[in-house]
Amino acid sequence: MIREEAITALRPRLDLTKATNEVEQFQNTVLRPILKVQNELMIELAKDYVHRTFKSFNALKVSVQKQLIVQASKRNHKIRSMLIYTGIGLLTREELSLYLQHRAEFNKRIISMGTERVISQIDLLF
């Protein structure tokens with residue numbers, strides 16, 4: 001129980017509109033706060049990836065940089081896994097149970113939200 005309390009205490013409270021279903025509710029009350037907490041970690045992992053994969057990443061136009069991040073989040077299994085595991089690593093056992101019931105849907109949402117977070121902070125990848 002100590003782990004459960006500690007990880008839920010880390011999460012910020014976000015002021016979001018009420019969700020219409022269980023999946024949206026989970027996304028807004030669990031996944032979004034977790035990704036916010038994990039933001040710095042995601043940025044550092046993305047930074048490492050782009051500098052290992054694209055030697056001249058910093059010289060590219062911002063629009064091209066964003067496109068490369070989006071493509072990687074769609075096609076690169078390592079990046080997809082990094083985003084997913086960064087998100088689910090801070091789930092409680094109860095939350096993990098719900099996640100496992102809707103794994104495919106939540107994975108899509110985690111990848112989408114994580115990608116958007118990285119793209120919106122692209123300047124931190126330099």
Side-chain angles (χ1 to χ4, degrees):
M1 263 325 209
I2 293 172
R3 178 186 180 276
E4 313 275 311
E5 293 167 4
I7 62 175
T8 55
L10 288 171
R11 298 179 195 163
R13 301 282 176 233
L14 304 179
D15 188 26
L16 303 170
T17 58
K18 277 288 190 198
T20 58
N21 61 46
E22 182 181 46
V23 172
E24 278 185 36
Q25 180 70 19
F26 187 81
Q27 172 185 294
N28 291 342
T29 60
V30 177
L31 296 178
R32 284 187 189 280
I34 287 174
L35 293 178
K36 187 170 180 114
V37 167
Q38 296 287 68
N39 188 68
E40 287 182 39
L41 180 64
M42 284 190 301
I43 295 297
E44 288 303 314
L45 291 167
K47 183 188 229 180
D48 177 67
Y49 169 77
V50 297
H51 290 289
R52 278 188 297 107
T53 308
F54 309 106
K55 300 301 177 199
S56 60
F57 185 81
N58 294 349
L60 299 171
K61 291 182 180 180
V62 172
S63 61
V64 175
Q65 292 172 340
K66 289 179 179 182
Q67 188 177 27
L68 289 172
I69 299 291
V70 169
Q71 287 174 355
S73 73
K74 290 180 179 177
R75 296 188 181 126
N76 187 301
H77 181 69
K78 288 181 181 179
I79 292 299
R80 293 172 63 80
S81 294
M82 179 266 305
L83 290 169
I84 292 167
Y85 294 128
T86 299
I88 67 172
L90 290 179
L91 293 177
T92 65
R93 287 186 346 177
E94 183 179 324
E95 292 163 348
L96 181 62
S97 177
L98 181 62
Y99 163 82
L100 293 173
Q101 292 173 29
H102 303 281
R103 180 184 316 209
E105 176 64 27
F106 288 137
N107 285 350
K108 283 189 239 176
R109 289 172 185 250
I110 292 168
I111 291 166
S112 174
M113 290 185 295
T115 302
E116 285 302 316
R117 280 190 156 280
V118 171
I119 287 173
S120 71
Q121 301 170 82
I122 198 108
D123 58 315
L124 296 178
L125 300 184
F126 298 109

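F57 and I122 get closest at one heavy-atom pair: CZ-CD1, 4.3 Å. For the residue pair M42 and L83, the shortest heavy atom distance occurs at SD-CD2, 3.9 Å. The two atoms that bring F126 and D123 nearest to each other are CD1-O, 3.1 Å, heavy atoms only. Closest non-hydrogen pair, L10 versus V37, comes out as O-CG2, 3.4 Å.
K66 pairs in a side chain to side chain contact (heavy atoms under 4.5 Å, CB included) with only one of the listed residues (I119, V118, L60, T115), which is I119.
Although no hydrogens or angles enter the test, the distance criterion places a donor-acceptor pair under 3.5 Å between the side chain of E95 and the main chain of T92. With hydrogens and angles ignored, the 3.5 Å screen pairs a side-chain donor or acceptor of S120 with a backbone N or O of R117. Not a single donor-acceptor pair under 3.5 Å links the side chain of Q38 to the backbone N or O of G87. In this structure a side-chain-to-backbone donor-acceptor pair under 3.5 Å is present from H51 to L125.
Annotation: side chain of V50 is not in contact with side chain of Q65 (no heavy-atom distance under 4.5 Å). Put simply, the side chain of R109 reaches to within 4.5 Å of the side chain of E24, judged on heavy atoms. Contact check for M113 versus Q27: side-chain heavy atoms found under the 4.5 Å cut-off. No side-chain heavy atom of I84 sits less than 4.5 Å from a side-chain heavy atom of F106.
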Go through the steps to decide whether Y99 and L31 satisfy the test side chain to side chain contact (heavy atoms under 4.5 Å, CB included), and finish with yes or no.
-> CA-CA 10 Å; Y99 163 82; L31 296 178; 5.6 Å; no

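For the 3.5 Å distance criterion, the side chains of Q71 and N76 fail to qualify, holding no donor opposite an acceptor. Residues R32 and N28 have side chains that bring a donor and an acceptor to within less than 3.5 angstrom of each other.
Residue-environment remark: CZ (R93) stays at or below the threshold of 12 foreign heavy atoms within 6.0 Å. For R52, the CZ atom sits in a packed shell: over 12 heavy atoms of surrounding residues, nucleotides or ligands are nearer than 6.0 Å.
Salt bridge annotation for E5-R11: absent, with no cationic side-chain nitrogen under 4.0 angstrom from a carboxylate oxygen.
Relative orientation of the F54 and Y49 rings is perpendicular, given thresholds of 30° and 60° on the angle between their planes.
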